[in-house]
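For reference, the structure discussed in these notes is given below.
Throughout, a chain's letter reflects where its sequence line sits, starting with A, and its residues are numbered from 1. Predicted model only: the values in this text are computed from it and were never measured.
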There are 2 protein chains.
Amino acid sequence: MTTARRPATLDDVARTAGVSRSTASRVIAGTGFASPIARERVRTAVDLLGYRPNAAARALVRGGGVRLLVAVAGTSSAVLDDNYVDQVVSGAARVCAPHGLGVAVQWVPLDTPRRLTELTDDRGVAGLILVNTITPLLDLVPPRLRGRTVSIGIGSAAVPSVDIDNGGGTDAIVRHLYASGRRRIAMVTGPPWLTCSHRSVEAYRGLLRDAGLPTREVVGDFSAARGRAAAREVLRRWPDTDAIVGISDATALGVIGRLRADGVQVPGDIAVTGFDDIPLASVTAPALTTASHPVRAIATAAATVVLEKRPVPTRTLFPSALVRRDSA
Amino acid sequence: MTTARRPATLDDVARTAGVSRSTASRVIAGTGFASPIARERVRTAVDLLGYRPNAAARALVRGGGVRLLVAVAGTSSAVLDDNYVDQVVSGAARVCAPHGLGVAVQWVPLDTPRRLTELTDDRGVAGLILVNTITPLLDLVPPRLRGRTVSIGIGSAAVPSVDIDNGGGTDAIVRHLYASGRRRIAMVTGPPWLTCSHRSVEAYRGLLRDAGLPTREVVGDFSAARGRAAAREVLRRWPDTDAIVGISDATALGVIGRLRADGVQVPGDIAVTGFDDIPLASVTAPALTTASHPVRAIATAAATVVLEKRPVPTRTLFPSALVRRDSA
DNA sequence: GTGAAAGCGCTAACAT
DNA sequence: ATGTTAGCGCTTTCAC
């Protein structure tokens, strides 16, 4: 038990283990050779002294950097005020903690993607998680960070992506709507620039086309406020709509709020669906029919990919499952 | 414009500025003396080269650490799966980013507070933000981190606290209820061990006592599920209840869900209030009457205190304002 | 006011 | 298999 004082250094460990620093370093870092005896003695010394490698020193010599950067693209820095981003950052921070790494989050202006370069020029950046990416951004990832970058959203040849299968989730939702007899189905989409939300829209279009049904699209932005406005627009343009697919749970909640204010019954007159399955989705009235979106698991996977920097598939899709509740 | 390659080091800056490393270091770190001319030349060199100090090297020599640790106390690691924690971590990460620092988050078991010591023994920890603290934890903060620790919740002589004025918020809520004619007011509290939630309960008790009204308390845990169960319990124990104060918005939503399932009108039969003013509070049906809780601002303040490590008041309370909507 | 020199704690050749 | 030797990039006495 360390009595008090200065945390133990590698030197202390080596000394008490009766080996050289190099040997101690090898067994601790798990790199290079070491005899079983040496290994054992070092191990003992380590937890006798309560030794914890100094992340800064390690990063300095290896040039590995000391924090994971979560770079979020968007039109304003307000993109950072988002529960989705919070979850990604927090999830990554959780994975990083045991590795002696931290997480930082910064906004990358959509119209000035090269701002990303300033961020990644910093030697302290050990890895990069891109959120809400667009292609120009992907191409700006510096060679130094190759293999240590992952995108939550669309990827590229050089940047693997980890994402939700929103196409599949939307597919399940629209099928459910269709199966329940809905035929005049509208959709409140995400912002057009956000490439990864296109898959949802495409799933919606594909299904309706196959069914010989016309599409009814209104642009949204994931927020409840836009959901409200979108609902009004849908009602105005297509008064006979019998279902509205929201791009997010917040959107759906906004839609429902607006509909109710207009005296429209949900799901009686119009069925409404969300996407995300936020914790509150089961508590609202009516409880939301939606599709799951395991953001936390995705963030964890993304951070893990960056930390372990071992080869990964270009694209990992987390399944999205239909969650049937009362709103549709 | 740096053309490509290896990021500039302090040596590069010194060389192009025609001064010694020491001088360059002084002007960049803003420490020590330097002639205006030297200062100027270094400045120029810095942005000519796009120089960014290497956080790891800096941390190594100064022993300052390289990441902020958010330590969250709780009964299980599930405390980390919480929107509140997410916001704190994300907010802190945002503040840290420009300083070349990262954020890590870890759980501290409530029954093994000394686990905190293992975390803070790490030289990489530049500062500490305690969340959901209890007194034993406060006393475990090592001297090394004095002045670089802040608690979101209760504090101590050695650890300043930054927190929400939940006493004030609850006060406003209960007064509002009373003013609307409610007299049989129940409360769903937070977990008893969580000291900082006591202030809410005390405000509730104080007001009711002053009004000569009996208290009706049920233990909750901030979750909607507990809110549901608590609502049932309230109804069973005090069937004539006409208002329920929830310790959080999620709690209130759970309460409302349960009440509605039982055919109870909200706010007609029973008024229900939350606490937090989450984004969805205005979208639910009925829209939630609640008290604001600027978690993000609090997290930002906490991280700032830690980073700037300048003397701060022992206790900073962020005001909580009543937000009147439809549920009460 | 400025520079020379000595590390911070660790890893990675390079011997041995 | 293990030890010796250089640094990684920066800050900071300590002389000048």
Side-chain angles (χ1 to χ4, degrees), chain A residues 5-43 45-46 49-67 99-101 121-126 144, chain B residues 5-43 45-46 49-67 99-101 121-126 144:
Chain A
R5 53 321 37 50
R6 177 189 57 102
T9 78
L10 185 59
D11 257 320
D12 300 330
V13 173
R15 205 169 313 120
T16 49
V19 300
S20 74
R21 270 218 319 274
S22 327
T23 302
S25 174
R26 282 187 208 104
V27 0
I28 291 171
T31 169
F33 305 82
S35 64
I37 339 92
R39 219 176 278 283
E40 184 46 34
R41 305 180 63 173
V42 172
R43 291 269 153 66
V46 163
L49 268 42
Y51 171 74
R52 308 269 285 121
N54 181 323
R58 196 175 259 189
L60 178 57
V61 62
R62 292 212 283 223
V66 84
R67 65 188 191 277
H99 295 257
L101 283 184
D121 263 356
D122 191 321
R123 282 300 234 197
V125 175
R144 186 174 73 81
Chain B
R5 60 305 54 43
R6 175 189 60 100
T9 77
L10 184 58
D11 256 321
D12 300 329
V13 173
R15 205 171 309 122
T16 50
V19 301
S20 73
R21 269 218 318 274
S22 326
T23 303
S25 174
R26 282 188 208 103
V27 2
I28 290 171
T31 169
F33 304 82
S35 65
I37 337 91
R39 221 177 276 284
E40 184 46 35
R41 307 179 62 172
V42 172
R43 289 270 154 68
V46 162
L49 268 42
Y51 171 75
R52 309 268 286 123
N54 181 321
R58 196 173 259 193
L60 178 57
V61 62
R62 291 212 284 223
V66 85
R67 63 188 193 279
H99 294 259
L101 283 184
D121 263 354
D122 190 321
R123 282 299 236 199
V125 175
R144 185 175 74 82

What's the closest nucleotide to the side chain of Phe33(B) if the choices are dC8(C), dG1(C), dG7(D)? dG1(C)

Determine: side-chain N/O of Ser25(B) to OP1/OP2 of dC10(D), distance under 4.0 Å, yes or no. no

Note: contacts of residues 12-23 of chain A with DNA chain C (heavy atom, under 4.0 Å) are Arg21(A), Ser22(A)

With a 4.5 Å limit on heavy-atom distance, are the side chains of Asn54(B) and Arg58(B) in contact? no

Val42(B) and side-chain contact (heavy atoms from CB on, under 4.5 Å): which single residue from Thr16(B), Val13(B), Leu10(B) fits? Val13(B)

Residues from residues 35-43 of chain B lying under 4.0 Å of DNA chain C - heavy atoms: Ser35(B), Ala38(B)

Ion pair Arg52(A)/Asp121(B), N-O distance below 4.0 Å: no

Where Ala59(B) and Ala56(A) come nearest, the two heavy atoms and their spacing: CB-CB, 3.9 Å

How close do Gly100(A) and Ala55(A) get, counting heavy atoms only, and between which atoms? O-CB, 3.5 Å

Tell me: CG of Asp11(A) to P of dC10(C), nearest whole Å? 8 Å

Could you tell me if the side chain of Thr9(B) sits less than 4.5 Å from the side chain of Arg123(A), heavy atoms only? no

Which of dC8(C), dT2(D), dC10(C) is nearest the side chain of Arg26(A)? It is dT2(D)

Take the protein atom CZ of Arg62(B) and the nucleotide atom P of dG9(D), then report the distance between them rounded to whole Å. 17 Å

Could you tell me which non-hydrogen atom of Arg43(A) sits nearest to which non-hydrogen atom of Val27(A), and how far apart they are? NH2-O, 3.9 Å

With a 4.5 Å limit on heavy-atom distance, are the side chains of Leu101(B) and Arg67(B) in contact? no

Let's see if you can work this out: which of dT12(D), dC10(C), dC10(D) has an atom nearest to the side-chain heavy atoms of Tyr51(B)? dC10(D)

For the pair made of CG in Asn54(A) and P in dG7(C), what is the distance, rounded to whole Å? 18 Å

Counting C-beta onward and ignoring hydrogens, is there a side-chain heavy-atom pair between Thr23(B) and Arg26(B) closer than 4.5 Å? yes

Of Thr31(B) and Ala56(B), the one whose nearest nucleotide on DNA chain D sits closer to the 5' end is Ala56(B)

It should be established whether Arg58(A) places a side-chain nitrogen or oxygen under 4.0 Å from OP1 or OP2 of nucleotide dC10(C). no

Within this structure, what is the CZ-to-P distance between Arg123(B) and dG9(C), rounded to whole angstrom? 7 Å

Length of the CG-C1' vector between Leu10(B) and dG3(C), whole Å: 13 Å

